[in-house]
Amino acid sequence: RTVRKIAVVAAIAMLAVACASQKEPAAKVISDAEASLSVLREQGEKYAPQALKVVEDSIASMKSNLEKGDYAAILARGPEMTKELVALKDAADAGKAELDAAVVKAKEDWTAYSTALPQTVESIQRRIDSLGKARRLPVGLDKAGLEDAKSSLETLKSDWTEAGAA
């Protein structure tokens, strides 16, 4: 009977030691994941919010398991957490590369527009000037229409000047 009590106490002690021995590694998995996330968070927010949410949810789940004492679940989740962090980094890098490519394209487009639009505006200005000097306006255009065209052209020039300054 005494031997049985000692065996039960020893089993409980071994279980406590086993749980305690898993607690530290489980807590380390969570702290390592949080440290990695802190490095990736800013890029993740900007370029990969969905992947960021997956990682945040996983860390929250692991913390919940830590509170419940389910250390084995945390340790089993560690390799998947690593994959999720790598996926977050890859998604953020891809999102940044996509944005950078869009900026380059926008700059190229701007260069083309900044060359073509002034020539078009100049051509429109010449046509409006010639219509203003004409004795008779073409069919379908009256003085009010010509004045609207002049006003619209001045607005276009003003907007273009503002866009070029931006």
Side-chain angles (χ1 to χ4, degrees), residues 15-131 141 145-166:
L15 182 61
V17 168
C19 287
S21 69
Q22 285 188 336
K23 184 176 183 178
E24 276 186 37
K28 181 159 177 29
V29 167
I30 294 171
S31 68
D32 288 351
E34 288 177 322
S36 295
L37 179 59
S38 70
V39 171
L40 299 171
R41 182 176 302 282
E42 185 178 338
Q43 294 276 353
E45 287 172 347
K46 288 180 185 176
Y47 306 113
Q50 292 150 340
L52 175 63
K53 180 160 178 21
V54 169
V55 171
E56 289 173 334
D57 290 348
S58 292
I59 291 174
S61 174
M62 288 192 306
K63 284 182 174 181
S64 174
N65 286 337
L66 185 66
E67 289 174 8
K68 295 176 193 172
D70 191 358
Y71 309 126
I74 298 167
L75 295 173
R77 185 88 178 82
E80 187 62 31
M81 182 78 251
T82 300
K83 289 178 185 173
E84 289 174 5
L85 287 162
V86 169
L88 172 59
K89 181 180 182 337
D90 291 346
D93 289 346
K96 183 173 183 336
E98 186 177 321
L99 181 63
D100 290 346
V103 167
V104 167
K105 171 113 175 65
K107 287 180 180 179
E108 289 170 356
D109 289 349
W110 177 257
T111 300
Y113 297 145
S114 67
T115 302
L117 191 62
Q119 294 169 352
T120 303
V121 169
E122 188 178 310
S123 174
I124 294 169
Q125 181 68 61
R126 283 194 305 269
R127 180 67 176 142
I128 288 175
D129 290 345
S130 74
L131 289 171
L141 181 64
L146 182 60
E147 291 304 315
D148 283 346
K150 286 179 182 178
S151 173
S152 294
L153 181 62
E154 290 307 313
T155 301
L156 175 65
K157 287 178 180 180
S158 173
D159 289 349
W160 180 250
T161 300
E162 287 178 27

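Position 1 is the first residue of the sequence; numbering continues from there.
- With contacts defined as side-chain heavy-atom distances shorter than 4.5 Å, the pair Met62/Glu34 does not qualify.
- Annotation for Glu80: atom CD counts as buried by contact number, over 12 foreign heavy atoms lying within 6.0 Å.
- When all heavy atoms are compared, the tightest approach of Val29 to Gly78 is CG1-CA, 4.0 Å.
- In this structure, Leu52 and Leu40 have side chains that are not in contact, with every pair of non-hydrogen atoms separated by 4.5 Å or more.
- Comment: Glu147 engages Lys150 in a salt bridge, judged by a side-chain N to carboxylate O separation of less than 4.0 angstrom.
- Rounding to the nearest 0.5 Å gives a distance of 10.0 Å between OG of Ser31 and CD1 of Ile59.
- Heavy atoms only, all atoms of each residue included: Thr115 and Thr111 are closest at OG1-O, 3.0 Å.
- One distance of note links CD1 of Ile30 with CG of Asn65; it measures 8.0 Å at 0.5 Å rounding.
- Atom NZ of Lys23 sits about 6.5 Å away from atom CG of Leu66, to the nearest 0.5 Å.
- Contact record, Trp160 with Pro118: NE1-CG, 3.9 Å, taken as the closest heavy-atom pair.
- Ala48 and Ala91 make their closest contact through CB-CB, 3.6 Å (heavy atoms, listed as atom of the first residue, atom of the second, distance).
- Side-chain atoms of Thr161 come within 3.5 Å of backbone N or O of Lys157 as a donor-acceptor pair.
- In terms of heavy-atom proximity, Ala76 sits nearest to Pro79 at O-CD, 3.4 Å.
- The distance from atom OG1 of Thr120 to atom OH of Tyr113, rounded to the nearest 0.5 Å, is 12.0 Å.
- With rounding to the nearest 0.5 Å, the separation of OG in Ser151 from CG in Leu156 is 11.0 Å.
- Pairs engaging residues 35-44 under the salt bridge (Lys or Arg N to Asp or Glu O under 4.0 Å) rule: Arg41-Glu56, Glu42-Lys46 [sequence neighbours left out].
- In this structure, Ser58 contributes its side chain and Val54 its backbone to a donor-acceptor pair below 3.5 Å.
- Counting heavy-atom neighbours within 6.0 Å of Glu98 CD, excluding the residue itself, gives a total of 12 or less.
- Ser36 contributes a side-chain N or O that, together with a main-chain N or O of Asp32, makes up a donor-acceptor pair within less than 3.5 Å.
- In summary, Glu122 and Arg126 engage in a salt bridge, as defined by a charged side-chain N under 4.0 Å from a carboxylate O.
- From Asp148, atom CG reaches atom CG of Leu153 across 12.5 Å, with rounding to the nearest 0.5 Å.
- Of all the heavy atoms in Met81 and Val55, the pair that sits closest is CE-CG1, 3.5 Å.
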